Amino acid sequence: MENIVEALSYERDIIQLKLLNVPKHPKMIAKLFTILKNEEINIDMISQVTVDDFVQIEITLDQENQLKLNDAILNLKEEFKQLQIYQIRKYAKVAVGGKLIESTPGLAAEVFETFGQENIHFYQITTSKRTISIVIDKENLDLAIQVLKNKFKL
């Protein structure tokens, strides 16, 4: 039988940008991302949660974008007065991938159970048809890599 998880990747040095009180309107969200685009910031993960009339957006990017991000944050604060912005640098990202992920029910549960058994907390999750990406504490990255390798025989 073919392995469901075929690959494991990680990034040790990421920034999680947490944006609170983002206006819920699509034009406002587009404007926010345009500001990041104009600074040539390459975004990795994007998560959004709606809370009443606002949204919370969490973004990850490589720490090498820090100087560009500083400029973008100034522009964001100018454009969106109510925006609360947090940069978190204590996280890393780990991802599992494979072409059978999309047709395998419960794979996310297996990843979460594996992390739970080792007390590895996670803070942001995104998925695609072939990848599950998870933001975890940087201090747990090596352990996360090892337990995922063991679990999925990589």
Side-chain angles (χ1 to χ4, degrees), residues 2-26 28-37 39 41-66 68-69 72-73 76 80 83-154:
E2 206 170 347
N3 284 346
I4 296 166
V5 174
E6 301 171 311
L8 176 67
S9 64
Y10 64 90
E11 292 179 52
R12 192 171 300 275
D13 297 314
I14 66 167
I15 298 170
Q16 184 194 52
L17 186 65
K18 190 176 286 201
L19 306 168
L20 306 178
N21 295 326
V22 177
K24 194 162 109 175
H25 197 280
M28 295 295 104
I29 295 170
K31 185 171 224 159
L32 183 149
F33 280 94
T34 298
I35 289 171
L36 296 171
K37 178 190 88 170
E39 294 298 333
I41 294 173
N42 191 23
I43 295 170
D44 182 26
M45 297 171 68
I46 303 171
S47 301
Q48 174 185 310
V49 176
T50 301
V51 182
D52 297 323
D53 292 332
F54 294 94
V55 296
Q56 174 177 319
I57 298 175
E58 295 176 356
I59 300 165
T60 63
L61 54 138
D62 290 330
Q63 282 189 8
E64 66 187 29
N65 287 295
Q66 183 64 65
K68 295 176 186 178
L69 181 59
I73 287 173
L76 288 168
F80 300 94
L83 196 63
Q84 294 177 6
I85 303 172
Y86 301 94
Q87 294 182 59
I88 305 167
R89 289 180 196 78
K90 66 177 186 172
Y91 297 147
K93 183 187 83 166
V94 63
V96 294
K99 62 186 174 204
L100 297 177
I101 286 178
E102 69 178 310
S103 61
T104 305
L107 184 66
E110 289 186 45
V111 173
F112 302 154
E113 286 174 9
T114 301
F115 282 0
Q117 290 170 357
E118 297 295 333
N119 203 29
I120 298 171
H121 293 260
F122 40 93
Y123 304 96
Q124 182 179 356
I125 303 157
T126 60
T127 62
S128 70
K129 288 186 174 218
R130 295 191 176 192
T131 308
I132 300 171
S133 300
I134 306 166
V135 172
I136 62 173
D137 290 306
K138 193 182 294 192
E139 66 191 30
N140 288 327
L141 181 60
D142 292 333
L143 175 60
I145 291 167
Q146 191 57 51
V147 297
L148 289 171
K149 281 183 177 180
N150 291 344
K151 172 71 176 176
F152 298 111
K153 298 175 182 31
L154 297 172

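Remember, it's a predicted structure, so these values are computed and weren't measured experimentally. FYI, the numbering just counts along the sequence from 1.
Residue N150 places its CG atom among more than 12 non-hydrogen atoms of other residues, nucleotides or ligands, all under 6.0 Å distant. Within 6.0 Å of the OH atom in Y10, the count of heavy atoms belonging to other residues, nucleotides or ligands does not exceed 12.
One distance of note links CZ of F54 with CE of M28; it measures 12.0 Å at 0.5 Å rounding. Going from atom CD1 of I43 over to atom CG of D62 covers 11.5 Å, rounded to the nearest 0.5 Å. Distance check: T131 OG1 to K99 NZ gives 13.5 Å after rounding to the nearest 0.5 Å. The distance from atom CD of Q16 to atom CD of E58, rounded to the nearest 0.5 Å, is 4.5 Å. Note: I15 CD1 to I41 CD1 = 8.5 Å, rounded to the nearest 0.5 Å. Summarising the geometry, atom NZ belonging to K37 is positioned 5.5 Å from atom OG1 belonging to T34; distances are rounded to the nearest 0.5 Å.
The aromatic rings of F115 and F122 sit tilted, their planes meeting at an angle between 30° and 60°.
Taking every heavy atom of both residues into account, P23 and I29 meet most closely at O-CG1, 3.6 Å. Across I136 and L141, no two heavy atoms sit closer than the pair CD1-CA, 3.8 Å. Between L36 and A72, the closest heavy-atom pair is CD2-CB, 3.8 Å. Shown here for E39 and K68, the closest heavy-atom pair between the two residues is O-CD, 3.1 Å. N65 and N42 make their closest contact through ND2-O, 4.0 Å (heavy atoms, listed as atom of the first residue, atom of the second, distance).
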- Test side-chain contact (heavy atoms from CB on, under 4.5 Å) applied to S47 and T126, step by step: CA-CA 7 Å; S47 301; T126 60; 3.5 Å; yes
- What's the verdict on side-chain contact (heavy atoms from CB on, under 4.5 Å) for I73 and L17, showing C-alpha distance, side-chain angles and the deciding distance? CA-CA 10 Å; I73 287 173; L17 186 65; 4.2 Å; yes
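Using a 4.5 Å cut-off on side-chain heavy atoms (C-beta onward), F152 and L107 make contact. Within the 4.5 Å cutoff, the side chain of L19 has no heavy atoms near those of the F80 side chain. Contact of the L32 side chain with the L76 side chain is registered, since non-hydrogen atoms from C-beta on lie closer than 4.5 Å. Within the 4.5 Å cutoff, the side chain of L148 has no heavy atoms near those of the L154 side chain. Counting heavy atoms from C-beta on, the side chains of V22 and L83 come closer than 4.5 Å. Taking the side chain as every heavy atom from C-beta outward, T127 and I101 never approach each other to under 4.5 Å.
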Could you give the side-chain donor-acceptor pairs of residues 87-96 under 3.5 Å, partners two or more places apart or in another chain?
| from | atom 1 | to | atom 2 | distance (Å) |
| --- | --- | --- | --- | --- |
| Q87 | OE1 | Q66 | NE2 | 3.0 |
| Q87 | OE1 | R89 | NH2 | 2.7 |
| R89 | NE | Q66 | OE1 | 3.1 |
| R89 | NH2 | Q66 | OE1 | 2.8 |
| K93 | NZ | E11 | OE2 | 3.2 |
| K93 | NZ | D44 | OD1 | 3.4 |
| K93 | NZ | D44 | OD2 | 2.5 |

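E118 contributes no side-chain N or O that, together with a main-chain N or O of V147, makes up a donor-acceptor pair within less than 3.5 Å.
Within the structure, salt bridge (Lys or Arg N to Asp or Glu O under 4.0 Å) contacts touching residues 142-154 (residues at least two apart or in different chains) are R12-D142, E110-K151.
A salt bridge links D13 and K138; the closest N-O separation between the charged side-chain nitrogens and carboxylate oxygens is under 4.0 Å.
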